[in-house]
Each structure stands twice: as structure tokens, then as C-alpha cells.
2 protein chains.
Amino acid sequence: MTKLTAAGELLTELVLEVFRVNGLALEAGDALTESLGLSSARWQVLGVVDHEPAPVANVARVMGLARQSVQQTADALERDGFIEYRENPHHRRAKLIALTPRGREALRKVEARQATWANQLAAGMDAKALRSAAEGLRQVRQRLEEDTASDSRAGGAR
Amino acid sequence: MTKLTAAGELLTELVLEVFRVNGLALEAGDALTESLGLSSARWQVLGVVDHEPAPVANVARVMGLARQSVQQTADALERDGFIEYRENPHHRRAKLIALTPRGREALRKVEARQATWANQLAAGMDAKALRSAAEGLRQVRQRLEEDTASDSRAGGAR
DNA sequence: GCCATATTGACAGGAACCTGTCGAATTGGC
DNA sequence: GCCAATTCGACAGGTTCCTGTCAATATGGC
């Protein structure tokens, strides 16, 4: 029977903590966006195309999601008038996601709310703890990214 | 326009990092469990009832999920023979989720794989960084839990 | 013991992610 | 310039989460 080493135990605990914080943060994001007709997922898409319009596939790569997941979210955003699809000079088929005035306004409001929320929450916290937590997570993420990359090269964990 | 303070900026970055690691960890969990007919969600349910059988609603509270999410997962686990519903001496309606021999065997195999995975991944990492990351996340989680608790008392962010 | 209240599983339906497959458009080797 | 390989959006279908509603069951005040 394979047993966890001390370091393995630490990593396992860290991942469980990540799951809990992820759930709570998503919940907070949905609460922040709900009354504007958005959600955490929609907000993220708007944020990516704020700087400049981009096709669905590009947004998906930036977000680390499947192309089709972003496609669905973007189609919903278009139906609700937050974005529009523009002609792409470099690609006839891959239209660009661009914010409408309504989308831009909603994004600005969400960002203001998020700033208030983050400032309040962070006010009572130790800056050093926040910094080192982010640093540790970056380390974990790099290892995970190498890991999944080598998996896909080798054909998975079967 | 509300702007992010330095601490707010740190918290925001940390949360974004949590999202990325969460996605990668879920992916790794699914890869670990897939060939056994499980998934990250199913694994978690089996893990909770391993120590002792419990009704769906209890499992949901422990996992921080909605009752009905666990209900669906548990029903699927029963269909596939990993768990069975047992009579509950304390409650006629709330039957107990209990591992079948097949479920117990699958859980043991997943845990062995997870140990190998975590040990390998943690081997190259700084133990102090892992510890302080977990500690920082615990701090964030506590603040988030207070926050959502006060939200529900006050009636949300509308 | 009785009855309002809370909790439970069943059922219905929606959101956000996934995968696989398809034809159209683009790109790169030659 | 041609043609194979890649990338793109459309479409179909599945999983895991959510919410809301209902009837059955417990629970607690009195």
C-alpha cells in the first residue's frame, strides 16, 4: 500500500484547501455579478476581451477552458447584448468577440464592486501571508502544468 | 471609481491563482479515477462515507455542496454498484450511504494512486512554501466564510 | 400528545463545464 | 500553387453543480 510522505501530506492538504476557497470565491463572484445579469463565467469572458476583441478560441486558451465552454458563454452574452461578433480581418470564420456599450458598462460596474469587496476582505489580513500563499500556489501550478503536459505526451494515467 | 488597494491587489491575484490550481487539480483527480469508473466528485463522496455510513444531507454539509448535487452523485454511485442505501435506525426516510465491497476496493485503489501522485509532485517542492501557502489559504477561507455568513444574514448583495 | 417548523429525498429544470464529430476556413510543407 | 494537417464554429450529448418545489418524516415548544 502506497503511503503519503510528509511532503505529499502537505500538498494534499493544500489542494483540499484550494477546493474550499475556490467554491467560496466563485460564490462571492456570482453574488457580485448577479444583479447585473452576469455570473463569474460571463464576467471572466468580458474581462478577457476588454483590452481588445478576440475570437472564441483565443479566449478559451487564455482562460484554460475548452473552446466549446467559452463558445456557449459567448453566445449567451451575445443574446443578452453584452457582446457582439465582429468580422475578423485575419480569419473569415473566427469572428471577434467585442464588448457592446452595455457590456463595457456592466464590466466597469463589476470591477468597481470587486475592488470594494477585495479591499474590505484584504484589509484585515496579513500582506505577507497573502504574498507567500500566492507564491506557493504558483509553484504548485507550475508542477501541475508540467505534469499534465507530460501526461498528454505519454497518453494519460491508464 | 473604486480602486484596488495594495492588499486588495494581492488578494485578487491569490484568488486568480486558486482558480487555475483548482482546475488543474480537478483534471488530475479525474485522470486518477477515470479508469476505475469514478471521477473527482464520486471519489469525494466515497471518501466521506468510508469512515462510517451517512445520509446524503450529512455528506453534502461535510463537502460544502448543495444537498441535491450529492443526491445525484450518490444515485449514480448506487446504479454503478459502488454504494448501497441502508436503513437508518434513526430516520426512516434518510437512508444511509454505505460502501459496497466494490466501492471499498475502488476507493483503496484511488487512494493508493493519489498517494503516489502527491508524493511525486511534492518531492521537488519546498515544504515551507507548501505549509505557508496552506496557512495563507486558511486565513482567506475564514474571512470568506465570515463574509458569506453575514451576507446570508443580511439578505445578499442586491 | 399536538401541531408549527425544519429537514429529508424525489423530481424538474437550468448553468457551466466537458467530450466527440462535422464541414468550412486557414496554414504550412513542398 | 496544391494538398495534408490544423484550427475554427456548429451541433449533439453527458457530468457536475445549482435552484425551486413537493410530500413524507422528524423535531421542539407547549
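Just so we're on the same page: letters track the sequence lines, and every chain starts at 1. In this text, all values refer to a predicted model and were calculated from it rather than measured experimentally.
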Tabulate below the donor-acceptor pairs under 3.5 Å that side-chain atoms of residues 18-30 of chain B make, not counting sequence neighbours, or state none.
{"residue": "B:Arg20", "atom": "NH1", "partner": "B:Glu17", "partner atom": "OE1", "Å": "2.9"}
{"residue": "B:Asp30", "atom": "OD1", "partner": "B:Ser40", "partner atom": "N", "Å": "2.9"}
{"residue": "B:Asp30", "atom": "OD1", "partner": "B:Ser40", "partner atom": "OG", "Å": "3.0"}

Please table the atom pairs, donor to acceptor, closer than 3.5 Å between any side-chain atom in residues 73-82 of chain B and protein atoms at least two apart or in another chain.
{"residue": "B:Thr73", "atom": "OG1", "partner": "B:Ser69", "partner atom": "O", "Å": "3.2"}
{"residue": "B:Asp75", "atom": "OD1", "partner": "B:Tyr85", "partner atom": "OH", "Å": "2.8"}
{"residue": "B:Asp80", "atom": "OD2", "partner": "B:Arg42", "partner atom": "NH1", "Å": "2.9"}
{"residue": "B:Asp80", "atom": "OD2", "partner": "B:Arg42", "partner atom": "NH2", "Å": "3.2"}

Report, one line per pair, each donor and acceptor closer than 3.5 Å where one atom sits in a side chain of residues 117-128 of chain B; sequence neighbours left out.
{"residue": "B:Trp117", "atom": "NE1", "partner": "A:Asp147", "partner atom": "OD2", "Å": "3.4"}
{"residue": "B:Asn119", "atom": "OD1", "partner": "A:Thr5", "partner atom": "N", "Å": "2.9"}
{"residue": "B:Asn119", "atom": "OD1", "partner": "A:Thr5", "partner atom": "OG1", "Å": "3.1"}
{"residue": "B:Asn119", "atom": "ND2", "partner": "A:Lys3", "partner atom": "O", "Å": "2.8"}
{"residue": "B:Asn119", "atom": "ND2", "partner": "B:Ala115", "partner atom": "O", "Å": "3.2"}
{"residue": "B:Asp126", "atom": "OD1", "partner": "B:Lys128", "partner atom": "N", "Å": "3.2"}

Which side-chain N or O atoms in residues 45-63 of chain A pair as donor and acceptor under 3.5 Å with protein atoms at least two apart or in another chain?
{"residue": "A:Asn58", "atom": "OD1", "partner": "A:Arg61", "partner atom": "NH2", "Å": "2.9"}

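Pairs passing the salt bridge (Lys or Arg N to Asp or Glu O under 4.0 Å) check and including a residue from residues 84-99 of chain B, sequence neighbours excluded, read B:Glu84-B:Arg86.
One atom, CZ of A:Arg93, and another, C1' of C:dA24, lie 4 Å apart when rounded to the nearest Å. The CG-C1' distance, from B:Asn22 to C:dA16, rounds to 14 Å in whole Å. Atom CD in A:Glu34 sits about 12 Å away from atom P in C:dA16, given to the nearest Å. One atom, CG of A:Asp30, and another, C1' of C:dA15, lie 10 Å apart when rounded to the nearest Å. Look at CD on A:Glu87: it is 12 Å from P on C:dA25, rounded to the nearest Å. When the P atom of C:dG14 is taken as reference, atom CZ of A:Arg42 falls 14 Å away, rounded to whole Å.
You can see that DNA chain D meets the heavy atoms of chain A within a 4.0 Å-exclusive cut from D:dC8 to D:dC11, reading 5' to 3'.
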Before giving the answer on side-chain contact (heavy atoms from CB on, under 4.5 Å), spell out for B:Arg104 and B:Thr100 the whole-Å C-alpha distance, their side-chain angles and the decisive distance to 0.1 Å. CA-CA 6 Å; B:Arg104 200 174 305 279; B:Thr100 60; over 6 Å; no
Full working for side-chain contact (heavy atoms from CB on, under 4.5 Å) between B:Arg143 and B:Leu11: CA-CA 11 Å; B:Arg143 293 279 293 158; B:Leu11 179 61; over 6 Å; no
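Near DNA chain C, defined here as any heavy-atom distance below 4.0 Å, the residues from residues 47-59 of chain B are B:Pro55, B:Val56, B:Ala57, listed numerically. A heavy atom closer than 4.0 Å to some atom of DNA chain D occurs in A:Arg67, A:Gln68, A:Gln71, these being the qualifying members of residues 63-81 of chain A.
Residues passing the side-chain contact (heavy atoms from CB on, under 4.5 Å) test with A:Ala41 are A:Ser39, sequence neighbours excluded. Scanning for side-chain contact (heavy atoms from CB on, under 4.5 Å) contacts around A:Glu105 gives A:Arg108, A:Lys109, with sequence neighbours left out. The side-chain contact (heavy atoms from CB on, under 4.5 Å) search around A:Gln142 returns none, not counting sequence neighbours.
Side-chain contact between B:Glu111 and B:Leu107: present, with at least one pair of heavy atoms (C-beta onward) separated by less than 4.5 Å.
Side-chain atoms of B:Asn88 do not come within 3.5 Å of backbone N or O of B:Leu96 as any donor-acceptor pair.
Fit an axis to the five pairs at each end of the helix from C:dG1-D:dC30 to C:dC30-D:dG1 and the two axes sit 50° apart, to the nearest 10 degrees.
No contact: A:Ser40 has no heavy atom under 4.0 Å from any strand.
In terms of position on DNA chain C, the residue among B:Lys95 and A:His90 whose nearest nucleotide sits closer to the 5' end is B:Lys95.
Of the N and O atoms on the side chains of A:Arg131 and B:Ser132, not one donor lies less than 3.5 Å from an acceptor on the other residue.
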